[in-house]
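Whatever order the structure lists them in is the order used to number ligands and atoms, beginning at 1. This structure is a prediction, so every number in the text was calculated from the model and none was measured.
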Amino acid sequence: MILGIETSCDDTCAAVLHGNEILSSVISSQTEFHALYGGVVPEIASRHHLELVNAVIAQAIAKAGVELNSITRIAVTTRPGLIGALLVGVATAKSIAYGLGVELVGVNHMEGHVAANYLPPEPVEPPFVCLIASGGHTSVVFVPQRGEHKLLGQTLDDAAGEALDKGARLLGLGYPGGAELDTLAADGAPGYVTFPVGLDKPGRLDFSFSGVKTALYYYLRDLDPKIFNEHRADIAASYQSAVITALVKKTLAAAASTRCDQICIGGGVSANTELRRLLATECERQGMRLHIPPPTLCTDNAAMIASAARYLPAKPLPDYLSLGATASGGFAA
Ligand code: KG4
Ligand code: ZN
């Protein structure tokens with residue numbers, strides 16, 4: 001029985017996993033507090049985590065219908081993320097583990113996104129290639145077996161979600177913007193403007209989204225406001241298409257480079273309609289199996305952290321008392 005805790009960014013999350021069954025998964029989003037500033041304010045995030053974390057854990061335990069002392073292992077995100085936000089989760093996890101006298105597992109948030117694919121309703125088994133695209137990260141990894149990750153490509157600048165959010169902002173949409181851009185783009189023609197697809201060279205598995213964002217900025221700066229109003233949806237669809245094309249092309253190229261025929265995805269951007277459509281079409285065309293977890297397991301949650309902790313080594317008491325948090329740290333190449 002694992003209690004998972006996740007506080008790496010702006011969602012305070014706790015979940016209870018029994019074997020591979022999700023007994024509860026509680027997510028308290030802080031988006032409305034950060035929307036005022038157009039992005040996550042780290043210090044505000046840590047303060048909210050501090051206020052919410054105990055209540056969110058209590059709710060996860062209550063929803064699971066178990067007693068706190070039936071928990072046998074605690075899992076917590078230790079990296080990467082906002083350092084103040086991570087420390088709230090780590091300190092909470094240590095205290096509960098110490099109080100219960102159970103072991104603790106520190107989990108890499110990115111491994112958590114991969115491990116979301118092992119959860120019901122459709123658990124998958126490696127080997128697979130996994131694309132993780134969210135507001136904070138964009139990586140593609142090969143997973144030969146649980147707990148093993150080989151980094152094949154990652155963004156050299158902005159994350160895909162960040163690029164979509166910034167594009168949405170330039171188009172006058174709200175924060176975070178990715179979902180609103182998705183809706184607006186549904187009515188547009190993706191071929192209306194040709195925006196550059198970052199690092200679009202054969203064999204190049206890294207991503208870059210700063211160029212497309214700058215291209216949109218200059219395109220809009222020089223545009224007649226009448227055309228902007230008439231073609232906003234077309235511009236949104238064209239911009240989104242450049243970002244999604246990069247994600248799909250590189251994920252398929254990564255799968256080909258490892259001769260792997262199974263693709264999984266994770267991170268908030270996997271909710272995107274065009275990503276799901278294009279990836280499904282291309283996977284079918286190339287004879288690949290595609291697995292997309294339900295949206296609540298794609299965005300940040302603690303069930304994925306508990307899932308990763310099922311096969312990671314645990315630290316016993318008192319070893320975990322020295323466990324810290326690190327802001328950096330993705331997958332090793
Ligand atoms: O995984 P997530 O909830 O949080 C982290 O960033 O870790 O991902 C949030 C990102 C935001 O950039 C948001 O705009 C994007 O996921 N997103 C979407 C959609 N829904 C959420 N991007 C494109 N299309 C969507 N439908
Ligand atoms: Zn994430």
Ligand 1 and L164, any nitrogen or oxygen pair closer than 3.5 angstrom? no
Heteroatom proximity flag, G161 to ligand 1, N/O under 3.5 Å: yes
Any side-chain donor near an acceptor of the partner, T12 and H49, under 3.5 Å: yes
Parallel under 30°, tilted from 30 to 60°, perpendicular over 60°: which one fits the rings of H231 and Y192? parallel
Tell me whether R310 forms a cation-pi arrangement with Y118, defined as NZ or CZ under 6.0 Å from the six-membered ring centre and within 45 degrees of its axis. no
If a pair satisfies side-chain hydrogen bond (donor to acceptor under 3.5 Å, both in side chains) and one of its residues is in residues 80-105, list it, with sequence neighbours excluded. R73-E103
Numbered in order shown, the ligand 1 atoms found under 4.0 Å of a heavy atom of G135 are 5 (C), 6 (O), 8 (O), 9 (C), 10 (C), 12 (O)
Looking only at distances, please establish whether an N/O atom of ligand 1 is found under 3.5 Å from an N/O atom of G178. yes
Looking just at side-chain N and O atoms, do D10 and H48 make a donor-acceptor pair shorter than 3.5 Å? no
If you scan protein heavy atoms around atom 17 (N) of ligand 1, the nearest is G268 O, 3.6 Å
Which residue supplies the protein heavy atom nearest to atom 23 (C) of ligand 1, what is that atom called, and how far is it? N272 ND2, 3.3 Å
Any side-chain donor paired with an acceptor under 3.5 Å for H113 and D300? yes
Among A179, G267, S270, the residue with a heavy atom nearest to atom 19 (C) of ligand 1 is A179
State if H137 counts as touching ligand 1 under the rule of any non-hydrogen atom under 4.0 Å. yes
Return yes or no for this condition: an N or O of D300 is under 3.5 Å from an N or O of ligand 1. yes
For H137, the N, O or S atom at the shortest distance from the Zn ion (ligand 2) is NE2
When you measure from the heavy atoms of C9 to every atom of ligand 1, does any distance fall below 4.0 Å? no
State whether the shortest distance between N or O atoms of D165 and N or O atoms of ligand 1 falls below 3.5 angstrom. yes
Enumerated ligand 1 atoms positioned under 4.0 Å from heavy atoms of T299: 1 (O), 3 (O)
Under 2.8 Å: N/O/S of C9 next to the Zn ion (ligand 2): no
Have S208 and D157 got a donor and an acceptor in their side chains that come within less than 3.5 Å? yes
Is the shortest side-chain heavy-atom distance between L199 and K250 below 4.5 Å? yes
Residue G136 vicinity, atoms of ligand 1 by number, heavy atom under 4.0 Å: 6 (O)
Of all N/O/S atoms in D300, the name of the one nearest the Zn ion (ligand 2): OD1
Verify whether one side chain among S328 and T326 offers a donor that lies under 3.5 Å from an acceptor in the other. no
For ligand 1, which atoms have a heavy atom of D182 less than 4.0 angstrom away? 24 (N), 25 (C), 26 (N)
Where the Zn ion (ligand 2) is the centre, what is the NE2-to-NE2 angle for H109 and H113, rounded to 10°? 90°
Is the CD atom of Q286 crowded by more than 12 outside heavy atoms at less than 6.0 Å? yes
Answer with yes or no whether the side chains of D158 and S210 bring together a donor and an acceptor at under 3.5 Å. no
Looking only at distance, does D11 have an N or O less than 3.5 Å from an N or O of ligand 1? no
Would you say the side chains of E6 and H109 form a donor-acceptor pair under 3.5 Å? yes
